[in-house]
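Report on the following structure.
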Number of protein chains: 2
Amino acid sequence: MVKITDVARRAGVSPSTVSYVLSGKRSISAATQRRVEASIRELGYRPHAGARALASSRSNVLALVMPLRSGIHVPVQMQFAGAVATTARRHDHDVLLLTQEEGEDGLRRVADSALVDALIVMDVQLRDARVPLLRTLPLPSVLIGFPAEADGLTCIDLDFTATGESCVGHLAQLGHRCVALLGSPPEVYARGTGFAQRTAAGFTAAARRGGMTSTVLPCEPTRAAARETVERLLHDHPDLTGVVVHNEPALPLLMEAFQQAGMRIPQDLSVVAVCPDELAENTAVPVTSVAIPAAEVGERAVGLLMDKLNGRSVPDATLLPPRLTPRASTAPRGSG
Amino acid sequence: MVKITDVARRAGVSPSTVSYVLSGKRSISAATQRRVEASIRELGYRPHAGARALASSRSNVLALVMPLRSGIHVPVQMQFAGAVATTARRHDHDVLLLTQEEGEDGLRRVADSALVDALIVMDVQLRDARVPLLRTLPLPSVLIGFPAEADGLTCIDLDFTATGESCVGHLAQLGHRCVALLGSPPEVYARGTGFAQRTAAGFTAAARRGGMTSTVLPCEPTRAAARETVERLLHDHPDLTGVVVHNEPALPLLMEAFQQAGMRIPQDLSVVAVCPDELAENTAVPVTSVAIPAAEVGERAVGLLMDKLNGRSVPDATLLPPRLTPRASTAPRGSG
DNA sequence: CCTTCGAGTCGAAACGCTTCGACGGGCGGT
DNA sequence: ACCGCCCGTCGAAGCGTTTCGACTCGAAGG
């Protein structure tokens, strides 16, 4: 293994000088800098991560806590993780993957052992057991999603309230008066998952403001559940003309169920979804949708964390505005 | 921060004794052991990961290299990653997430800097640029998938050749004589992805052995591509009665396209898929399928790595046998 | 009864890096 | 011409573990 002393000897300087070239924490003459860099390159030197962490009490690793719970859409999570990983690298950090298998102890473990410098916590619940723990840990963290009590924590997410509102707004503009939200499986609501509840809240509030009739129904992502949900919905609300679907895997199933129930899309029923564009573009009828900007959330989350690590102050809450893309699944009421 | 000297003092022993209690590398009297463990517990001691890595030249972290390429099914990857993470923890290791963004340099970086002890490399191509590099690295590694030249490397995967054969076998048993394989998008074949090619090889060989007519066609996971592929297939092979689909996102699209082309499943056409059970059970007609045992692959991969790290010898190749689950999408030929 | 051995413990030397204080030499200000 | 400063560099002291010999017992073996 080539170490800093080897680099130093070859460049004719002391190890500390090499270190300063690497970190830029003291000024170094251009000539020395060049020699040291050449030496590093020629020897293929890489600082030993452990030694560095020990001496500097900075590991340059951040933990990504992915619960991998049921009922959440995996591709979105993955897109997010990918963005976190590549953005972290851009800031010279690596990413340690933590699943919820370990629970809160896992967080404490990596924090106490100084394995990581900071935490990114995904899939935050409204009453999340990890949140009080995060408050006590000496490490900076960023949450994806908002717990009920978010004060003092740095959180970021798509603005799901505005998302719900924006979907309703779109339908309202097209003249729809009776709308429904078909959401995540019941377990997701039961867990108190913020994004599900916020979408529902925004949806309901906007519908009420617009004087529209509205319902919210959870839905399992199975063919049978989709059919049953649709039947119940149409039975209870015969004048329904618009739905918002916030449940990726169920979206195609629900659309099919509506069509089999005799509702043509968009002639009889307008559909808006909260889902990735890729999915929205590949359903039987391309779906008007609001995408979750997973990549942007991931990037910004890392950015926030870096700011905190570097002592810069950051906003407590970052809400990304929804962007609705109209497609073929929505049309003015009565256009059939 | 509480350190090993604190623990030692409180237990009335030397730091080295604490270390030996922790590692079990020397025998310690039961009494001492108890006192040390109590001390650890009471102080909430966690060894500093960096210091440990420096002194022992073992970081207890392994790298998971996930390319995040296009055309591969994300949920399966994720299931795999989850299994790796939890299994690694069971062996007292953590997992560092590496995307392909960094390319081969990323591998070299984490290896040279001693950030990780070992590598798990996913989505291996037949001619993979990372493979020669892995040979030169001093770190043990396990590949998920098989490159063209696998000698000297430890690889594990579902036996895709047998999978292709098994699907054909199932169709043959039902009396089908003209079959097709609808596979991954062309880009996946173009990259020389082992699993795609092996399934095709097994499929074709088994069909030939059985005296069946067979075709292999790639397919993009879009509605339009699915329709076009199906039309072409039915035009070129009017006597087609069985298909194997090895392309998760395209599966529902293809089934729909077949039905719209007038082929009822399973009366006119039997369909076998290579996909997760969850997907197979939620298509319009539940699909006979071979699932990719992602969790098992992940677990075994970590197991192999641990064996290598501990100097145990391991088999070069591990091929998991396919398990075909019959469902409603396959029936004897001419049963309609 | 003396030697030998192993079990149990300790002290000290790494491990490879960062960082702090110090130092020499050139420069500008007076 | 002198003082004080800042720039660039160095040496040495850590950072918290692990691990290697060495040491002390008490027990087993001759």
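Proteins come first, then strands; the chains are lettered A, B, ... in the order of their sequence lines, and each starts at number 1. Since this is a predicted model, take the numbers as computed values, not measurements.
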task: Please report the closest heavy-atom contact between A/Gly152 and A/Asp316, naming both atoms and the distance.
output: N-OD2, 3.7 Å
- request: Between B/Leu22 and A/Gln33, name the one whose nearest nucleotide on DNA chain D is closer to the 5' end.
  value: A/Gln33
message: Quick check for you: among C/dT18, C/dT9, D/dT17, whose closest atom lies nearest to any side-chain atom of A/Arg52?
response: C/dT18
query: Side chain of A/Leu54: nearest nucleotide among C/dT19, C/dG16, C/dC17?
result: C/dG16
- prompt: Does OP1 or OP2 of D/dC15 have a side-chain N or O of B/Lys3 closer than 4.0 Å?
  reply: no
query: Heavy atoms under 4.0 Å, any strand shown: does A/Ser16 hit a base, just sugar-phosphate, or nothing?
result: base
statement: Testing C/dG16, C/dC10, D/dT18 for proximity to the side chain of B/Ser14, the answer is C/dC10
- request: Using a 4.0 Å heavy-atom cut-off across all strands, classify B/Thr32 as base, sugar-phosphate, or nothing.
  value: sugar-phosphate
field: Protein-nucleotide distance (B/Arg46, atom CZ; D/dT17, atom P), rounded to Å
entry: 13 Å
query: Do side-chain atoms of A/Asp105 reach the backbone of A/Glu102 as a donor and acceptor pair under 3.5 angstrom?
result: no
message: Base of D/dT19, side chain of B/Arg26 - is there a donor-acceptor contact under 3.5 Å?
response: no
- request: Looking only at non-hydrogen atoms, find the nearest pair between A/Pro15 and A/Thr5 and report the distance.
  value: CG-CG2, 4.0 Å
- prompt: What nucleotide, of C/dC17, C/dC10, D/dG16, holds the atom closest to the side chain of B/Met1?
  reply: D/dG16
- prompt: D/dT17 C1' sits how many Å from B/Ile40 CD1, rounded?
  reply: 13 Å
task: Give the nucleotide from the list D/dT19, C/dC20, C/dC17 with an atom nearest to the side chain of B/Tyr20.
output: D/dT19
query: Which of these nucleotides, C/dC10, D/dG16, D/dG8, is closest to any side-chain atom of A/Ser29?
result: D/dG8
Check: B/Pro147 main-chain N/O paired with B/Glu149 side-chain donor or acceptor under 3.5 Å: no
message: Under 4.0 Å, counting only non-hydrogen atoms across every strand here, what does A/Ser56 touch: a base, just sugar-phosphate, or nothing?
response: sugar-phosphate
Rounded distance (Å) that lies between atom C1' of D/dT17 and atom NZ of B/Lys25: 11 Å
query: For atom CZ of A/Arg90, is the number of surrounding heavy atoms from other residues, nucleotides or ligands below 6.0 Å larger than 12?
result: yes
- prompt: What is the distance from CD1 of A/Ile28 to C1' of C/dT19, rounded to the nearest Å?
  reply: 13 Å
query: Does C/dA7 have OP1 or OP2 sitting under 4.0 Å from an N or O in the side chain of B/Ser27?
result: no
Closest nucleotide among C/dG16, D/dA22, D/dT18 to the B/Ile4 side chain: D/dT18
message: The side chain of A/Thr17 is closest to which nucleotide in this list: D/dT9, C/dG8, C/dC10?
response: D/dT9
statement: A/Arg58 atom CZ is separated from C/dT19 atom C1', nearest whole Å, by 15 Å
field: A/Arg9 CZ - C/dG16 P separation (whole Å)
entry: 13 Å
statement: note: A/Asn60, atom CG; C/dT18, atom C1'; distance rounded to Å ~ 13 Å
task: Select one nucleotide: of C/dT18, C/dC17, D/dG16, the one nearest the side-chain heavy atoms of A/Ala51.
output: C/dC17
query: Counting only N and O atoms by type, is there a donor-acceptor contact under 3.5 Å from the side chain of B/Asn60 to the main-chain atoms of B/Asp92?
result: yes
message: Taking the nucleotide of DNA chain C with the nearest heavy atom to each, does B/Arg35 or A/His48 sit closer to the 5' end?
response: B/Arg35
